[in-house]
Student: 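Below: one structure in structure tokens.
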Number of protein chains: 2
Amino acid sequence: MPQPSDLLTRLAVSTVIFALRPDHSGRSVLWTPLVRRTREPQRGYWALPGGWLPPNEELEVAAARTLRATTGLAPKYLEQLYTFGQVDRSPGARVVSVVYWALVQSDEAARASAGPNVRWVPADTLPALAFDHNRIIEYALWRLRNKVEYAEIAHAFLGETFTLAELREVYEAVLQRSLDPANFRRQMIASGRLRETGERLAGAPHRPPRLYRYDTSAVTAESREPFMRERPAS
Amino acid sequence: MPQPSDLLTRLAVSTVIFALRPDHSGRSVLWTPLVRRTREPQRGYWALPGGWLPPNEELEVAAARTLRATTGLAPKYLEQLYTFGQVDRSPGARVVSVVYWALVQSDEAARASAGPNVRWVPADTLPALAFDHNRIIEYALWRLRNKVEYAEIAHAFLGETFTLAELREVYEAVLQRSLDPANFRRQMIASGRLRETGERLAGAPHRPPRLYRYDTSAVTAESREPFMRERPAS
DNA sequence: TCAAAAGTGTTGGGGATACACCCATGG
DNA sequence: CCATGGGTGTATCCCCAACACTTTTGA
């Protein structure tokens, strides 16, 4: 069944990774890690983390593995984004890339490993990247911003427990607009997926906010998308 | 850069094709064409139309080509669905399938080519198919039913011009529930994407309905998704 | 003139937005 | 006691579902 000509097309897996970090002015914005290419083609350019698909490894596992390899982190959210296969997207060979996108906990990302060949950059102001990776990240950003509005994924940027102000800051950073705290609170509570921990966060010079936890069991079968696991592979 | 072990994974493109056809009771329901496998593995089973990806062919073009090969039709809507790559989804070899989904005009589909190895079946009551193709079609159905509710793709089942009753019948068939004609009319008009042709459809024993046309130019840049062309490749 | 579908009008409820206002804490 | 963010109350708007009602045709 295999034809000789097929040997020319290679299959790769790449991952767009998002975390929230403060920018120069202190506001939270989206950052993404890139790796420097040490080989041709496009040597020296920054590119998405990824690699060839090992024949015995699941696609999602390969995505989580490259994520861990470049950041030292485990994804809190991981989903297939799109498969890019333009004939001319890589010079010299036909490369089809199955691309995933991931969200990682922001405080973990702050102490994520970096090195001369790994660099975090603001996702909205990218330099010129290798191949079609600019387009890919733009698409991932579009998907993230869309999905945040109808799916409950924002908590993936946060730890186990969080305040509504922290959660709101995630939404504001992703959507790039400020939200009314009062209405935001009601929307989140109305979703039925936040559980009070009973604890509060003290220390700030004002009324201490309640701490919440995201309740995975409250996701109904109707609203769940196919192929969406709670704990992504790692 | 290629490693010898990669030669074991094969890349295929398959397409889930939808058209509306009357079922035994005369109501419009979704149908999809399947092809009988004439080789191992899974010989004799019905499967999605598809084939290996030729190294010099774009993914979307390959999808449109297999669509044409099995139905003789050109897609009115074509979009990438998902890439399936489970290690064990095909016995004997690692096969990664980039799957597309397509909508074809229903009156064309009625006279679509069929043969001993091509068969149209109701998409909601499938027999046991080859590989993981049942799961794939279920996912495509889920996507179609979701997308019909927020994107304007229903007209892809119809011809150049159509009445609001015909368009409503599409929605009702896809969503499997009846819709209020009065409210449906207002929603569609409010979308701003229907243009009156000025003509009416006569012949029935009642008030002749207006004929409309879908206005592709009315799609704003903000609402458009990345990678979505108006005329799919053929 | 009648049946049936096309098309219009009207009403009420639910959710989102805007914003006024009170609460609780550290300094 | 004051500044600050946490948290509640409430009026308004808009979209949508429900449904009564009028219009227009072929038979």
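These values consider heavy atoms only, across backbone and side chains, with no hydrogens, waters or symmetry-generated copies. The shown structure was predicted, so the numbers you read here are calculated from the model rather than taken from an experiment. In what follows, every chain begins at residue 1, and chains take the letters A, B, ... in the order their sequences are listed.
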Student: Please determine if a side-chain N or O atom of B/Arg185 lies less than 4.0 Å away from the OP1 or OP2 oxygen of C/dG7.
Tutor: yes

Student: For the pair made of CG in A/Leu167 and C1' in D/dG7, what is the distance, rounded to whole Å?
Tutor: 16 Å

Student: Consider the side chain of A/Pro205, meaning its heavy atoms from C-beta on, and name the nucleotide among C/dA18, C/dG26, D/dG7 that approaches it most closely.
Tutor: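 In terms of side-chain proximity for A/Pro205, the closest of C/dA18, C/dG26, D/dG7 is C/dG26.
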
Student: Between D/dG26 atom C1' and B/Leu201 atom CG, what is the distance in whole Å?
Tutor: 13 Å

Student: What class does the angle between the rings of B/Tyr139 and B/Trp142 fall in, given that below 30° is parallel, 30 to 60° is tilted and above 60° is perpendicular?
Tutor: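 Plane angle under 30°, so parallel.
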
Student: For B/Tyr150 and D/dC16, what is the distance between atoms OH and C1' respectively, to the nearest whole Å?
Tutor: 21 Å

Student: Rounded to the nearest Å, what distance is computed from the CZ atom of residue A/Phe184 to the C1' atom of nucleotide C/dG15?
Tutor: 17 Å

Student: For a quick test of reading the model: is some side-chain N or O of B/Gln187 closer than 4.0 Å to OP1 or OP2 of D/dC15?
Tutor: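 No, B/Gln187 has no side-chain N/O under 4.0 Å of OP1/OP2 on D/dC15.
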
Student: On DNA chain C, nearest-nucleotide positions of B/Tyr212 versus A/Ala204: which is more 5'?
Tutor: B/Tyr212

Student: Whole-Å distance between D/dT24 P and B/Arg200 CZ?
Tutor: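 Going from B/Arg200 (CZ) to D/dT24 (P), I get 9 Å.
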
Student: What's B/Ala202 touching, base or sugar-phosphate or nothing? Going by heavy atoms closer than 4.0 Å.
Tutor: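 If one applies the 4.0 Å heavy-atom cut-off, B/Ala202 turns out to touch nothing in the nucleic acid.
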
Student: Hey, which of these two, A/Asp180 or A/Arg207, hits DNA chain D nearer its 5' end, going by closest nucleotide?
Tutor: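 Of the two residues, A/Arg207 wins.
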
Student: Looking only at side-chain N and O atoms, does B/Ser97 offer a donor or acceptor that is under 3.5 Å from a partner on B/Ser14?
Tutor: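 Not at all, the side chains of B/Ser14 and B/Ser97 share no donor-acceptor pair under 3.5 Å.
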
Student: Taking the nucleotide of DNA chain C with the nearest heavy atom to each, does A/Arg177 or B/Leu164 sit closer to the 5' end?
Tutor: B/Leu164

Student: Between A/His206 (NE2) and C/dG26 (P), how many Å, whole number?
Tutor: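 Whole-Å distance recorded here is 10 Å.
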
Student: Looking at B/Asp124 and B/Arg145, is there a salt bridge between them, counting it only when a charged N and a carboxylate O are closer than 4.0 Å?
Tutor: yes

Student: Once you round it to whole Å, what is the distance between C1' of D/dG6 and CZ of A/Phe162?
Tutor: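 After rounding, the reported distance stands at 16 Å.
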
Student: Does B/Arg186 put a side-chain nitrogen or oxygen below 4.0 Å from OP1 or OP2 of D/dC15?
Tutor: no

Student: Mind checking B/Ala182 for me? I need base, sugar-phosphate or nothing, with any heavy atom below 4.0 Å counting as a touch.
Tutor: base

Student: Answer yes or no: is there an ion pair linking A/Glu108 with A/Lys76, defined by an N-O contact shorter than 4.0 Å?
Tutor: no

Student: C/dG7, OP1 or OP2 - any side-chain N/O from B/Arg210 closer than 4.0 Å?
Tutor: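 Checking B/Arg210 against C/dG7: at least one side-chain N or O falls below 4.0 Å of OP1 or OP2.
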
Student: Ring-plane angle category for B/His155 and B/Tyr214, please: parallel below 30°, perpendicular beyond 60°, tilted otherwise.
Tutor: parallel

Student: Could you tell me the separation between the CE atom of A/Met188 and the P atom of D/dG6, rounded to a whole number of Å?
Tutor: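 Going from CE in A/Met188 over to P in D/dG6 covers 15 Å.
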
Student: Need one value for B/Ala190: base, sugar-phosphate or nothing, where a base atom within 4.0 Å counts as base even if backbone is also close, heavy atoms only.
Tutor: nothing

